[in-house]
Undergrad: 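Below is one structure. I have some questions about it.
Note on naming: letters A, B, ... go to the chains in the order of the sequence lines (proteins, then strands), and numbering restarts at 1 for each one.
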Amino acid sequence: MSVSKETWGGPPALWTRPHLLGLETLSKEEITLLLDTAERFRRDILEDPLATGRKIPLLTGKTIVNLFFENSTRTKTSFGLAGRRLGADVVEFAAATSSLSKGETIIDTAKNILAMGVDAVVVRHGCPGTPHILSRRLENCSVLNAGDGTHEHPTQALLDILTIRRRFGKIEGLTVALVGDIAHSRTARSDIYGLQKLGAKVIVCGPSTLVSQDWQKLGVEYSYSLDAILPRVDVLNLLRIQFERQVVRPFPSIREYALLYAMDAQRLAACKKDVLIIAPGPINRGVEITPDVADGPQSAILDQVTNGVAVRMAALWLTLSANQKSLNKTI
Amino acid sequence: MTDLFLENARVVDPQNGVDRKASLLISAGKIAAIDPDAVPSDAKRYDLSGKVVTPGLVDLHVHLRQPGGEEDETIDTGTLAAVAGGFTSIACCPNTQPPLDTQASVELVRQLALRAKHCRVYPLCCISKNREGNELAELGVLFAAGAAGCTDDGSPINDAELMRRAMEYSLMFNKPILSHAESSPLDKGGVMHEGLVSLELGLRGMPAAAEDIMVARDINLAEITGARLHIMHVSTAGAVAAVRRAKERGVQITAEVTPHHLTLIDEALRSFDANFKMNPPLRSAEHVEACVQGLLDGTIDAVSTDHAPHAPEKKMREITIAPFGIIGLETALPLMLEKFIHSGLMTWPQLIERMSLNPSRILNLEKGSLAVGADADITVIDPDLEWTFTESEIHSKSRNSPWIGRHFRGRAVMTIVGGEVRYQLS
């Protein structure tokens, strides 16, 4: 079956948000809608290259700016591909060589970009809340959070959840462990909000200096022992140790960390037979995961990357369509 | 100087046990008479029916930024904001550029304040040279030049031995040591109060323990030295409890709390608005409640604004980079009226004690009194005036307030310093 702009249909009425800032504020229905839309993009567009050329022109004429103030390879590329597959023009803003080094405020930078006529800004920034501030200052422009400091990374969590859902057919009732540097992980926060809303049980696991007991107050279980939780988890999300964000060194050595938390063949043997292993990447082979596990049959690390494009197509289409709707109302 | 006659007001003067309808005659900069039999025919008369007349409010913790930070505030704009908020006397912090650690810089501030002619200004000087926490500043010279007390506010004195020596040395001058109590290593990189909200927002936390530890240390040092210790901007339940226990043991200690630590909680940071970023940080509700109780039961002696102006472009930065602090001179009284008077938590004399008499006593200013012969520093308050705090009406040079657009009931409508009307709400 061939899919075209005409047969695709309009954006769903349930989605009304012009921005995607985080999963904390989204409802279960909204998250499900994002996942369902991403699933459609993956099945009908990305996996059917002969019929569609992996493209559908839903955002023709729209301009999206990738505004990345922190290094990124996969998220930036993924958003860029997602925009182009929807027919939008995608512009890269090289933050390192921008006016920011001259002391310009983030607000001024964004306003300048907006004055060039832009429909959406995809922001990655080291400071929590920067996309939120931008969304309040930029009129008629969608803001998508591609990671704000150690706060949220909604599209990463959505692609994690989509990967899990595609494997298990559901989220409700699953037990998902987030392992590693919880304190400095924006993915962990978005995963927790998204997974809990969809009915999964979440365990955060890692060194006690990186795993706050306060997570219990949000209904999250915590554990310092990976070995203790392995037999009862359905999914392991292995988070990278974020040395660059740590103000103080949270554990004595990488060697000690790997001894306690690296996912290797021996630990894999203690897991359920159908355990799913995911990682937001870039993975540190030998630190949080050994090569045999990373490349083994339980690993869905590359499947996540494909889902990432689909999720970002869904996020861009839904937010830009909602933005267009509000524009139409004001005109 | 024209005589002033303030009539038909409710006069609240806790120093002299006055809380009744009365009239005041002001002559030659002093309170000349209360309920006089005769009023000079050329006296300017003010009918203050429905208003409350109090000793001029005193703020012992203000940042005027001059010299060096004129983009944030000048002594002129800061003292104008003070009288507009009802303050007749303020003490200003020495974290200027250069810091107030020389006779010249202390005298400069006093001269600029006299020239500005809004309110009285009492400079606080540094404890350590250049506020570096290494060597004692020349406290004797600085006090002689007019410094009312000493502090390295903005930074703690991390070296306990230096703090002990400063306390011992201050004894011979009978001046207070004002402590910014914070353990820097524990707060390193911190943006907000450490708790569930900081965990959720991914903003690095500043634990209550960082304040508790330093308050406890300074109390111990005050105990062995006998120095007069004043704890600035108390914000934690632990600090309040420590000060309470110290007072019970007879330690010479006083403490202050800011209006924002009495009225705002860390949940406000969910907006990522840098106008909620301060040091000490906005704490969680149980700490705020402890501060309120501490102020009510007298553990905390004074309300101070910690007025901390920052130019708009600085607060427009990302919340991790934006500087700490908010302006407070023009919102302190309205916030206190709302929280403590309109709610019935405090009587008028209790409020004026905490906003005039006690801060004056902490710094030996001999203010906070409406007795005959006292300086005529007077604040006239309309407790029921409905008004909105708008950006265009701010007198401070900076705009970093979380209360812009906020509706208030009650404010200062006239401020008299040394018998002269220095501010009148138009």
Side-chain angles (χ1 to χ4, degrees), chain A residues 21-25 69-70 100 103-111 123 125-137 145 147-153 181-190 192-193 204 210-220 222 242 245-249, chain B residues 71 183-210 265-277 281-287 310-324 398-400 402 404-405:
Chain A
L21 302 175
L23 297 192
E24 189 196 1
T25 46
F69 297 100
E70 285 189 330
L100 284 178
E104 187 176 55
T105 70
I106 174 89
I107 307 285
D108 286 328
T109 307
K111 279 184 174 168
V123 192
H125 196 284
C127 174
T130 303
H132 306 67
I133 298 278
L134 285 179
S135 72
R136 276 175 240 146
R137 297 286 186 118
N145 183 358
D148 60 328
T150 49
H151 180 220
E152 280 225 47
H153 191 356
D181 189 350
I182 309 300
H184 302 96
S185 174
R186 49 194 175 209
T187 299
R189 284 166 178 77
S190 293
I192 287 168
Y193 298 130
V204 291
L210 294 172
V211 174
S212 169
Q213 296 187 13
D214 272 352
W215 284 116
Q216 289 179 110
K217 294 179 186 163
L218 296 180
V220 176
Y222 76 92
Q242 311 224 6
R245 295 189 199 283
Q246 293 165 356
V247 176
V248 291
R249 197 68 187 271
Chain B
E71 72 276 21
S183 166
S184 308
L186 281 172
D187 277 353
K188 188 177 169 191
V191 175
M192 65 174 293
H193 174 63
E194 181 178 299
L196 185 59
V197 182
S198 69
L199 185 68
E200 285 185 56
L201 298 182
L203 289 171
R204 191 164 173 83
M206 304 161 79
I265 58 173
D266 60 348
E267 292 283 340
L269 271 299
R270 290 189 190 276
S271 66
F272 295 104
D273 183 344
N275 283 328
F276 292 107
K277 181 183 178 185
L282 297 177
R283 305 284 184 188
S284 52
E286 66 271 22
H287 291 291
H310 292 291
E313 65 271 19
K314 297 180 185 171
K315 278 288 194 181
M316 271 172 75
R317 301 304 306 265
E318 300 82 311
I319 195 162
T320 47
I321 304 171
F324 292 104
S398 286
R399 299 286 178 268
N400 53 317
I404 289 171

Undergrad: Nearest 0.5 Å please: distance from the CD atom of A/Glu24 over to the CD atom of B/Glu200.
TA: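 Output value for this atom pair is 5.5 Å.
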
Undergrad: To check you understand the geometry: which heavy-atom pair defines the closest contact between A/Cys127 and B/Glu318, and what is its length?
TA: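 Closest approach of A/Cys127 to B/Glu318, heavy atoms only: SG-CB, 3.4 Å.
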
Undergrad: Going from OG1 on A/Thr130 to CD1 on B/Ile321, what distance comes out if it is rounded to the nearest 0.5 angstrom?
TA: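 Answer rounded to 0.5 Å: 8.0 Å.
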
Undergrad: In terms of heavy-atom proximity below 4.5 Å to chain B, should A/Arg245 be classed as side chain, backbone, both, or neither?
TA: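 It is neither, since no heavy atom gets under 4.5 Å.
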
Undergrad: Between B/Leu196 and A/Leu218, is any pair of side-chain heavy atoms under 4.5 Å apart?
TA: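 Contact flag for B/Leu196/A/Leu218 side chains = yes.
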
Undergrad: Nearest 0.5 Å please: distance from the CG atom of A/Asp214 over to the CD atom of B/Glu194.
TA: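 Nearest 0.5 Å value for the CG-CD distance: 8.0 Å.
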
Undergrad: Nearest 0.5 Å please: distance from the CE atom of B/Met316 over to the CD1 atom of A/Ile133.
TA: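 Result: 10.0 Å between the selected atoms.
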
Undergrad: Can you tell me which portion of A/Glu152 sits under 4.5 Å from chain B's heavy atoms? Options are side chain, backbone, both or neither.
TA: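 Interface part for A/Glu152: neither.
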
Undergrad: Any side-chain heavy atom of B/Leu201 within less than 4.5 Å of one from A/Pro128?
TA: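 The answer is no, as the side chains (C-beta and beyond) never meet within the 4.5 Å cut-off.
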
Undergrad: Can you tell me how far apart CD (B/Glu313) and CG (A/Asp108) are? Round to the nearest 0.5 Å.
TA: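 Rounded to the nearest 0.5 Å, the CD-CG separation comes out at 10.0 Å.
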
